[in-house]
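Below is one structure, written out as structure tokens; the observations come after it.
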Protein chains: 2
Amino acid sequence: MEKVITIKEIAKRLNISPSSVSRALSNHKSIGLKTKTDVQRLAKELNYEPNQTAIFFQQRKTFTIGVILPSLSEEFFSSAISGIEDLANENKYTVLMGQSHDDVEREKQLVDTMKNHRVDGLIISISKNTEDYSHFEAIKKFGIPVVFFDRVPDLKDIHYVWCNIISGTTQAYNFLKELGHQSIGMINGPTNLLASKERVEGYKNALIQSNLNFDPSLIVSCNLSTKDVFKATEELLNNTNKPTAIIAFNDYVLLDAAKAAAKMKLKINKDISFVSFAHLPICHYAAHPPLASVDQFSYKQGKSAMEIMLQLLAKDRNENNESYIKIIIEPKLIVLDNTID
Amino acid sequence: MEKVITIKEIAKRLNISPSSVSRALSNHKSIGLKTKTDVQRLAKELNYEPNQTAIFFQQRKTFTIGVILPSLSEEFFSSAISGIEDLANENKYTVLMGQSHDDVEREKQLVDTMKNHRVDGLIISISKNTEDYSHFEAIKKFGIPVVFFDRVPDLKDIHYVWCNIISGTTQAYNFLKELGHQSIGMINGPTNLLASKERVEGYKNALIQSNLNFDPSLIVSCNLSTKDVFKATEELLNNTNKPTAIIAFNDYVLLDAAKAAAKMKLKINKDISFVSFAHLPICHYAAHPPLASVDQFSYKQGKSAMEIMLQLLAKDRNENNESYIKIIIEPKLIVLDNTID
DNA sequence: ATTAAATACACAAACGTTTGTGTGATATTT
DNA sequence: AAATATCACACAAACGTTTGTGTATTTAAT
């Protein structure tokens with residue numbers, strides 16, 4: 001544990017002032033060539049490392065982006081954070097990460113921590129139970145820009161990245177319809193999520209396009225837990241208007257739903273077919289893969305969120321930012337090659 | 001964007017000194033009751049938030065733990081980081097996260113960033129290609145403790161958490177042997193990884209226990225990519241001493257290996273059986289699940305790494321820490337219930 | 001030769017907080 | 001009543017860096 005080298009120390013050893021050392025290191029023109037090389041040589045020799053905490057403090061900027069998401073174990077989010085991180089790193093930013101685990105209290109506490117750490121910005125995908133948004137207001141008032149992605153609150157005055165679930169669901173529906181399915185069910189997510197609302201909207205849109213009537217019993221909601229998915233699947237399959245195909249909220253839901261269907265002695269892809277959302281790698285290894293999965297481009301969503309953030313960061317803090325940046329990403333239905341290999 | 005409230009500002013408004021405000025806020029005994037309540041009331045009213053960057057700087061402590069891992073998309077690591085984060089949060093620490101993507105240069109750069117950010121400690125699972133450890137030496141010299149986990153360099157003078165792969169592999173071998181398998185192959189990972197070396201050791205141990213001879217052709221290495229796994233699988237299955245069971249480096253390798261075997265018209269779990277490592281949830285949904293998977297308790301590994309870190313952080317920085325903490329976690333072979341449902 | 005401009009540096013303040021020390025005013029002890 | 005202890009606060013320094021301003025010395029321009 002050697003003594004940590006500071007600018008002051010270098011200054012003392014060379015008998016010059018700290019300000020000159022600072023300027024020499026940053027190649028300021030007002031420093032003479034000899035002094036410059038002297039300083040730079042000694043700095044390297046002593047293994048000088050600038051104390052970022054001092055710089056952060058002095059510059060009122062931490063080059064840190066807070067990222068809060070529900071859970072990294074969902075591949076969607078781990079992929080999204082990669083998008084954020086990659087772009088962040090390219091721009092000298094680092095990621096301060098926190099998982100809410102869909103716990104509102106923890107989310108609030110994390111926002112608070114981020115605020116105290118003086119992150120330069122916050123990118124967040126909210127917990128599925130979050131309905132009070134005051135903690136975001138608080139951090140915004142503090143001058144820290146907030147960008148939402150994927151799990152976005154239903155508010156007007158926010159920046160966000162959002163995948164066009166409506167069109168994705170319509171695509172999914174039409175895909176199944178063209179395969180000849182007449183009765184198409186849907187296992188949806190928690191009703192308070194915009195993601196769920198838009199799936200319903202996309203579903204209905206497809207019906208309207210085809211001049212079909214809406215049967216509410218074909219859509220069931222669940223809280224995404226395995227148990228609830230099982231229940232939802234059974235409910236759908238026992239429905240009087242029994243679907244021959246189901247649109248699952250995402251790939252995880254699909255896996256459980258297919259399992260449930262198999263347990264009911266149904267042949268997957270024969271008696272009952274599935275389409276889901278996310279298009280995770282697991283689709284290619286699953287016992288019961290979906291016919292297709294709607295790719296929501298998680299990496300791109302993360303990257304886009306960071307793009308918005310960089311724009312906001314470039315802005316003058318005092319500008320009146322009455323405008324909000326919203327990026328809509330078009331999802332893509334990926335038909336899987338399920339030639340069982 | 002209101003003016004940010006500082007201690008100085010509060011002091012000015014109350015006509016007292018900043019030091020008194022500071023002490024009042026931290027409930028120092030030398031401050032009178034009236035002043036204390038006055039300060040605390042005004043602080044709340046003005047929405048005062050302590051500037052952590054200033055505190056970090058002043059206290060030479062950031063309450064931030066750097067975590068570098070190869071890739072969050074591997075569930076093993078996303079689970080491990082959850083273990084780290086949970087324990088960190090309980091102790092007022094936050095996680096600064098970075099992914100190396102198995103790129104040595106990026107790993108080095110991340111270590112450097114962490115160093116500059118003055119993280120209080122670094123927890124890392126190294127890239128699979130890392131063979132030069134000088135960047136870790138550098139950050140250690142800087143007084144920042146480093147704890148390794150799972151992907152650990154083969155060095156003596158380090159703190160680490162490590163899963164007893166040797167015993168795990170022996171367990172896996174014996175499990176297959178008791179099922180009657182005579183010729184058991186192994187698809188191993190990159191040879192420079194300790195994880196790979198120990199798998200070989202565990203494999204050999206099992207042989208010795210059973211008084212069997214070692215056939216080197218039954219172990220093939222791969223770089224974990226899908227393509228390489230396919231190649232390795234084919235090599236094993238075309239071997240003159242053809243295995244009836246294969247121990248895969250991990251569940252991802254298993255998925256590709258099973259796919260490769262299926263492509264070769266082999267019946268999984270009949271012509272060829274698998275055991276793997278990690279025991280990811282995907283095992284329960286896979287088209288070709290392994291008979292068993294060795295759980296390496298990733299969450300626990302992460303948590304243990306953070307435990308070591310907390311111990312190191314509690315130590316006096318100037319103590320001579322010639323002792324190194326090593327935690328070995330016993331893995332557990334989980335036999336899967338593959339009654340196809 | 002005189003003045004102006006450029007060079008190369010030093011000085012000092014500031015960022016917001018914590019903490020050691022100093023100091024009057026009460027309160028307590030003898 | 002004098003000496004001492006306690007209280008409640010103010011003052012100042014420090015953490016390491018950046019940056020605006022001041023100032024000798026040198027160089028260039030007239």
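In what follows, chains carry the letters A, B, and so on, assigned in the order in which the sequence lines appear, proteins first and then strands, with residues in each chain numbered from 1.
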Interatomic distance where CD1 belongs to B:Ile55 and P belongs to C:dT17 [whole Å]:
7 Å
Under 4.0 Å: is that the gap between some side-chain N or O of A:Thr53 and OP1 or OP2 of D:dG16?
no
Give the rounded distance in Å between these two atoms: CG of B:Asn116 and P of D:dG16.
15 Å
When you measure from the side-chain N and O atoms of B:Lys34 to the phosphate of D:dA8, is any distance below 4.0 Å, counting only OP1 and OP2?
no
Return the value, rounded to whole Å, for the distance between atom CZ of B:Phe56 and atom C1' of C:dG16.
13 Å
Taking NZ from B:Lys12 and P from D:dC9, how many angstroms apart are they, rounded to a whole number?
20 Å
If you check every side-chain atom of B:Lys8, which of C:dG16, C:dA10, C:dG20 has the closest atom?
C:dG16
Return whichever of A:Ala54 or B:Thr35 has its heavy-atom-nearest nucleotide of DNA chain D closer to the 5' end.
B:Thr35
State whether A:Ser19 places a side-chain N or O below 4.0 Å from either non-bridging phosphate oxygen (OP1 or OP2) of C:dC9.
no
Closest of C:dC11, C:dG20, D:dC9 to the B:Arg23 side chain is C:dG20
Nearest-nucleotide 5' precedence on DNA chain D, A:Ile5 against B:Ser30
B:Ser30
Is the closest basic N to carboxylate O distance between A:Lys141 and A:Glu137 below 4.0 Å?
no
Euclidean distance, atom NE2 of residue B:His28 to atom C1' of C:dT19 [Å, nearest integer]:
8 Å
Value in whole Å for how far the P atom of C:dT17 lies from CD of B:Gln59:
12 Å
Whole angstrom is fine here: how far is it from NZ in B:Lys61 over to C1' in C:dG16?
20 Å
Check whether any side-chain N or O of B:Ser22 sits under 4.0 Å from OP1 or OP2 of C:dT18, and answer yes or no.
yes
Side chain of B:Gln58, heavy atoms from C-beta onward: which of D:dG16, D:dA10, C:dG16 has the nearest atom to it?
C:dG16
Considering all heavy atoms, the nearest B:Asp86-A:Arg106 contact:
OD1-NH2, 2.7 Å
Consider the side chain of A:Ser17, meaning its heavy atoms from C-beta on, and name the nucleotide among C:dT17, C:dA10, D:dC9 that approaches it most closely.
C:dA10
Just compare D:dT21, C:dT17, D:dG16 and give me whichever is closest to any side-chain atom of A:Phe57.
D:dG16
Contact class for A:Ser26 (heavy atom, under 4.0 Å): base, sugar-phosphate, or nothing?
nothing
Heavy-atom side-chain proximity of B:Phe136 to B:Ile126 below 4.5 angstrom
yes
Output field: ring centroids B:Phe56/A:Phe56 closer than 6.0 Å
no
The salt bridge (Lys or Arg N to Asp or Glu O under 4.0 Å) partner of B:Asp120 among B:Lys61, B:Lys115, B:Arg60, B:Lys315 is B:Lys61
What is the separation between atom CD on B:Glu49 and atom P on C:dT17, rounded to the nearest whole Å?
11 Å
side-chain N/O A:Tyr48 vs D:dG16 OP1/OP2, d < 4.0 Å:
no
The side chain of B:Arg60 lies closest to which of these nucleotides: D:dC15, D:dC9, D:dT18?
D:dC15
B:Glu45 bridged to B:Arg13 by N-O distance under 4.0 Å:
no
